[in-house]
Protein chains: 2
Amino acid sequence: MAKNKIPDLPGKTVERLSQYRRVLYNSIEEGKTNIYSHELAKMMNLTPVQVRRDLMLIGYSGSQSKGYVIKDLIALIGQIIDSEEGEKIAVVGMGNLGRAITSYFTGKREKLSIAAVFDNDPQKTDRIISGVPCHHVNQLKEVIQKENIQIAVLTVAPEATHNVAKMLLDAEIKGILNYTSVPLTVPENVHLEEYDIVTSLEKLAFLVKK
Amino acid sequence: MAKNKIPDLPGKTVERLSQYRRVLYNSIEEGKTNIYSHELAKMMNLTPVQVRRDLMLIGYSGSQSKGYVIKDLIALIGQIIDSEEGEKIAVVGMGNLGRAITSYFTGKREKLSIAAVFDNDPQKTDRIISGVPCHHVNQLKEVIQKENIQIAVLTVAPEATHNVAKMLLDAEIKGILNYTSVPLTVPENVHLEEYDIVTSLEKLAFLVKK
DNA sequence: TGGAAGTTGATATTTTTTTCACAATGATAA
DNA sequence: TTATCATTGTGAAAAAAATATCAACTTCCA
């Protein structure tokens, strides 16, 4: 299997790969060893063609009679989306959402771990929250560089967003997942995913209204 | 079944409209009354052309010299994405994430309110959580229909997801925002938005790895 | 042995979304 | 007035994403 050769995948395909793997794990637990594109599609609410297209893009071939070998497929997806050494994540802002994400995520993935969390409230800092050490934000750069953290999840208050984002960029973070309601601008070499709960609810509300 | 004069907007545009409004509110607070497409674009990390295209699609015209009138634009966006009477939302699953979303969202929007939350733990039910009455899930259909709730946010444990989703469909919910890691399938007349935190982190990790 | 059924892989097509390119407009000032 | 400048609005082109179509392969069964 080709190593280090990461194909240039469409963003949507990458998202789906992560989800394929998740449902494939479920299938394995149910005792299945092989799966057809239409089964995977059904589970993911997609068309079989889309599934086959995605798998084609990552260079995986199944057999016409048995479909895809689940464990091989899981392994290949891992090769593509996981990094070999694993990547470390920081969560900045230990409010409700930050805590929820931290406890929800911890232990979910072998190659992705939340290595540190930050807050500006001394009551929360310098102790362990959901199994992760919580530091004061003024140690942000130091800890991120020392731990070699590459990805940050932003769950701070709106008014703090820009400041914290600047600190993260200063600490040379490589990716930011922004849960605040404040849109960010980052340099080209930093990857940014914006996600706001209010936006998705408003989108749904619009669709329902129609 | 076109209702009134809601144009047939691309899904992406709808998402951006919600975000435009948010940053426009900020601009108003800073004392601005007008804004140019390139300013709005900068704040949202978009191109000016995209901004103009979106506004064109909703039928809003600015002036070449002054740009767009912020308060008119906010009002128009409201006409398009808000429903007149407002819409009610239920959050199902009062774990960390459910509580975080409930407290985060409450009061954020005039026309969208969380009217009820549900859990299956008797310790949590029949009391007020973050200002919202919490019911046992076995009252789900009753409460949803009585309160005329149209949208549900799903934050239950993975193993409960399918059951709860079935109950929601049975209660004739119109839209589901799924935060669990279990993909759902819903009838055509129900709108579904899938969102999983692990997926977005894995996508970021992939991009960073490249 | 031959053909029906069901699947994959891939090319072609369509649809959706974004970007380009520029005419038209209004403001400003020489 | 006329030239210049920055802006909007929009048709056209491009890019991205999803879908359709179908040849080729496997297995099964008559």
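Convention: sequence-line order gives letters A, B, ...; per-chain numbering from 1.
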Please name the pair of heavy atoms, one in [X] and one in [Y], separated by the smallest distance, quoted to 0.1 Å.
X	Y	answer
Ile173(B)	Gln150(B)	CG1-O, 3.4 Å
Phe105(A)	Leu112(A)	CE2-O, 3.5 Å
Ala205(B)	Ile151(A)	CA-CD1, 3.6 Å

Ignoring the backbone of [X], work out which of [options] is nearest its side chain.
X	options	result
Gln50(B)	dT18(C), dA27(C), dT17(C)	dT18(C)
Lys12(B)	dA18(D), dT7(D), dT18(C)	dT18(C)
Gln64(B)	dA20(D), dT25(C), dG6(C)	dT25(C)

Original post:
Can you find a donor-acceptor N/O pair under 3.5 angstrom joining the side chain of Arg53(B) to the base of dT18(C)?
Top reply: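 It does not, because no donor-acceptor pair links the side chain of Arg53(B) to the base of dT18(C) below 3.5 Å.
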Whole Å only: how far is the [atom1] atom of [X] from the [atom2] atom of [N]?
X	N	atom1	atom2	answer
Arg52(A)	dA17(D)	CZ	C1'	17 Å
Tyr60(B)	dG9(D)	OH	P	9 Å
Lys66(B)	dT8(D)	NZ	C1'	15 Å
Met56(A)	dA17(D)	CE	P	15 Å
Arg16(A)	dA16(D)	CZ	P	15 Å
Tyr68(B)	dT25(C)	OH	C1'	13 Å
Leu57(A)	dG9(C)	CG	C1'	12 Å
Asp54(A)	dT8(C)	CG	P	14 Å

Original post:
Does dG26(C) have OP1 or OP2 sitting under 4.0 Å from an N or O in the side chain of Ser65(B)?
Top reply: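 For dG26(C), neither OP1 nor OP2 has a side-chain N or O of Ser65(B) closer than 4.0 Å.
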**OP:** Using heavy atoms and a sub-4.0 Å distance, could you list which residues of residues 30-46 of chain A are near DNA chain C? By number, please.
**Re:**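 Contacts with DNA chain C under 4.0 Å: Tyr36(A), Ser37(A), His38(A).
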**OP:** Please round to 10 degrees the angle between the axis of the first five pairs and the axis of the last five pairs in the helix from dT1(C)-dA30(D) to dA30(C)-dT1(D).
**Re:**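 Computed angle between terminal axes is 20°.
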Original post:
Would Asp8(A) and Lys210(B) pass as an ion pair if we require N to O under 4.0 Å?
Top reply: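 Salt bridge present between Asp8(A) and Lys210(B).
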Subject >> Pair Arg21(B) + Glu202(A): basic N to acidic O under 4.0 Å >> reply: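 Salt bridge between Arg21(B) and Glu202(A), a charged N being under 4.0 Å from a carboxylate O: yes.
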Original post:
Does any donor atom in the side chain of Ser181(B) or Arg22(A) lie under 3.5 Å from an acceptor atom in the other side chain?
Top reply: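 Result is no, nothing qualifies.
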Subject >> Geometric class of the Tyr195(A)/Tyr179(A) ring pair [parallel <30°, tilted 30-60°, perpendicular >60°] >> reply: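 Because their plane-to-plane angle is over 60°, the rings of Tyr179(A) and Tyr195(A) count as perpendicular.
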**OP:** Output the distance between atom NZ (Lys111(A)) and atom NZ (Lys209(B)), rounded to the nearest 0.5 Å.
**Re:**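 Answer for the NZ-NZ pair, Lys111(A) versus Lys209(B), is 10.0 Å.
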**OP:** Step by step, work out the side chain to side chain contact (heavy atoms under 4.5 Å, CB included) result for Thr185(A) and Lys42(B).
**Re:** CA-CA 8 Å; Thr185(A) 308; Lys42(B) 182 97 181 286; 5.5 Å; no
Original post:
When all nucleic acid strands are considered with a 4.0 Å heavy-atom cut-off, which category describes Ser63(A): base, sugar-phosphate, or nothing?
Top reply: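 Result for Ser63(A) = sugar-phosphate.
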